[in-house]
Protein chains: 2
Amino acid sequence: MSKRSQAVETIQRELIEFARRARGVSARSHPGLSLVAYTLLTHVERHEQTRAADLAEHYVLDKSTVSRQLAELADRGLLERVADPRNHRSRVLRVTAKGRRHLDVAREQAVGAMADRLTDWPDADLARFASYLERYNSA
Amino acid sequence: MSKRSQAVETIQRELIEFARRARGVSARSHPGLSLVAYTLLTHVERHEQTRAADLAEHYVLDKSTVSRQLAELADRGLLERVADPRNHRSRVLRVTAKGRRHLDVAREQAVGAMADRLTDWPDADLARFASYLERYNSA
DNA sequence: ACAACGAGTTGTACTCTACAACCATCTGGC
DNA sequence: GCCAGATGGTTGTAGAGTACAACTCGTTGT
């Protein structure tokens, strides 16, 4: 097997490995905001004018799943569904101030835990790792 | 915020982003072998003498969850639980020939899909990305 | 104006998961 | 040797996340 396909296989395996552990770690570290909810909320925060259907497509989830997750987030006051005057079928999503606070706390914890694992990484490696991940995800 | 903590935050966000999509993508691409089952089987293949408790610890899962997943894998003939003569409490796990075939097929699909996303990456970047992921996961 | 489409919600069922209770086996101190 | 506590695993039960199907309501195109 070529060096290249070995690298691809390693990337595949290690990413899956991470994904598999992330759920459990996240459930333990911030109970009360599931990984799904956290991710959806983060996405809405970062992307203006997101609608439920966009989330479903992006995260490969059924629209019913997204609908219920958003309903829960809205119930808890972390997110608003704003009627779009131009299109009465859909509603545009927006994180509330309360939601933003929750996200800040969760993010701080998550980033803190991650920073611990990365303490002995040189700055240059961190920057490159970050850019690789962005590049991979945006493909 | 420093460049360094920006990088850490990006890494955190992008890894979670990946994890969140992995489940759905995997469920669609290889139905019949869940992401959990696939990961456990891969782990057993790569690590001799793995026991159920090791998997539970490694993947941050309850031992009951692992027990059921393994029971299913064993039922389907993909994995064996071999009695350990030295310790009658535990059983050592081993992938069967059938299990190996399943893994090969699943891996080939997964790696193929991933290779498509990575076609325009230079070899050096792939190698570095792979090594970063290994380094991160082994921490 | 009506049919097709798009966005979202709700009913239902299944899987993954945790927690608790349990059984069997091993280990260390006495 | 023997018992208490630890370790490995299974089973009962319940809850969260998810998909699929059927539905409503609004929009678009012919």
Side-chain angles (χ1 to χ4, degrees), chain A residues 16 19-41 43-44 49-76 79-94, chain B residues 16 19-41 44 47 49-76 79-94:
Chain A
I16 293 292
R20 200 72 278 289
R21 306 217 280 181
R23 204 214 112 268
V25 170
S26 140
R28 275 164 176 66
S29 61
H30 40 84
L33 198 56
S34 76
L35 186 57
V36 176
Y38 174 76
T39 317
L40 295 183
L41 207 51
H43 189 103
V44 172
Q49 303 289 102
T50 300
R51 296 161 311 130
D54 303 329
L55 293 171
E57 194 197 344
H58 187 76
Y59 291 106
V60 198
L61 290 169
D62 193 79
K63 56 187 180 165
S64 65
T65 302
V66 172
S67 174
R68 278 183 250 261
Q69 291 290 336
L70 295 179
E72 162 99 25
L73 285 169
D75 276 357
R76 294 173 56 184
L79 175 133
E80 287 172 329
R81 290 179 280 193
V82 183
D84 180 351
R86 288 161 214 279
N87 187 341
H88 286 263
R89 283 178 301 188
S90 66
R91 285 185 286 176
V92 167
L93 304 171
R94 214 170 54 196
Chain B
I16 293 291
R20 201 71 278 290
R21 301 215 273 184
R23 203 212 112 270
V25 170
S26 140
R28 275 165 176 65
S29 60
H30 40 85
L33 197 58
S34 77
L35 186 58
V36 192
Y38 175 76
T39 318
L40 296 184
L41 208 51
V44 172
H47 300 86
Q49 303 288 104
T50 301
R51 295 161 311 130
D54 302 329
L55 293 170
E57 194 197 343
H58 187 75
Y59 291 106
V60 197
L61 291 169
D62 192 80
K63 55 186 181 166
S64 64
T65 302
V66 172
S67 174
R68 280 183 247 261
Q69 291 289 336
L70 295 180
E72 162 98 25
L73 285 170
D75 276 357
R76 293 174 56 185
L79 174 134
E80 286 171 329
R81 291 179 279 194
V82 182
D84 180 352
R86 291 160 211 282
N87 187 339
H88 287 263
R89 283 177 302 189
S90 65
R91 284 186 286 177
V92 168
L93 304 172
R94 215 170 54 197

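Every heavy atom of this structure was used, including side-chain atoms; hydrogens, water molecules and symmetry mates were not. Lettering of chains follows the sequences in order, A, B, ..., and the numbering in each one begins at 1.
- Between the P atom of D:dT27 and the CZ atom of A:Arg51 lies a distance of 13 Å, rounded to the nearest Å.
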Strictly under 3.5 Å: I want the nitrogen or oxygen pairs between protein and nucleotides 28-30 of chain D, one per line.
none

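- In the set D:dG26, D:dG8, C:dG8, the nucleotide with an atom closest to the side chain of A:His88 is D:dG26.
- The aromatic rings of A:His43 and A:Tyr59 sit perpendicular, their planes meeting at an angle over 60°, well past the 30° parallel limit.
- Each of A:Leu61, A:Thr65, A:Val44 was evaluated against A:Leu55; a single residue qualifies, A:Val44, per the side chain to side chain contact (heavy atoms under 4.5 Å, CB included) test.
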Once base and sugar-phosphate atoms are separated, protein heavy atoms under 4.0 Å mark nucleotides 18-23 of chain D, 5' to 3', with B, S and - as BBBB--

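- Distance B:Glu57 CD to C:dT17 C1': 18 Å, rounded to the nearest Å.
- For A:Ser67 and C:dT10, the shortest distance from a side-chain N or O to OP1 or OP2 is not below 4.0 Å.
- As a whole-Å value, the separation of B:Asp54 CG from D:dG9 C1' is 13 Å.
- In this structure, CZ of A:Arg91 is placed 12 Å from C1' of D:dC25, rounded to the nearest angstrom.
- Atom-to-atom, OH of B:Tyr38 to C1' of C:dT15 comes out at 20 Å; the value is rounded to the nearest Å.
- Nearest heavy atoms, B:Leu70 versus B:Ala52: CD1-CB, 3.7 Å.
- In this structure, B:Leu40 atom CG and C:dC16 atom P are separated by 11 Å, rounded to whole Å.
- The local environment of CZ in A:Arg94 is sparse, with at most 12 non-hydrogen atoms from other residues, nucleotides or ligands closer than 6.0 Å.
- The CG atom of A:Asp75 sits 13 Å away from the C1' atom of C:dT9 (whole-angstrom rounding).
- Scanning both residues, A:Ala74 and A:Arg81, for their nearest heavy atoms gives CB-NH2, 3.8 Å.
- In terms of heavy atoms, A:Val60 sits closest to B:Gly24 at CG1-C, 3.8 Å.
- The minimum heavy-atom distance linking B:Ala83 with B:Pro85 is given by the pair O-CD, 3.4 Å.
- Atom P of nucleotide D:dA16 and atom CG of A:Leu33 are separated by 14 Å, given to the nearest angstrom.
- Between A:Leu35 and A:Arg23, the shortest heavy-atom contact is CD2-CA, 4.1 Å.
- Across all their heavy atoms, A:Gln69 and A:Leu40 have their closest contact at CB-CD1, 3.8 Å.
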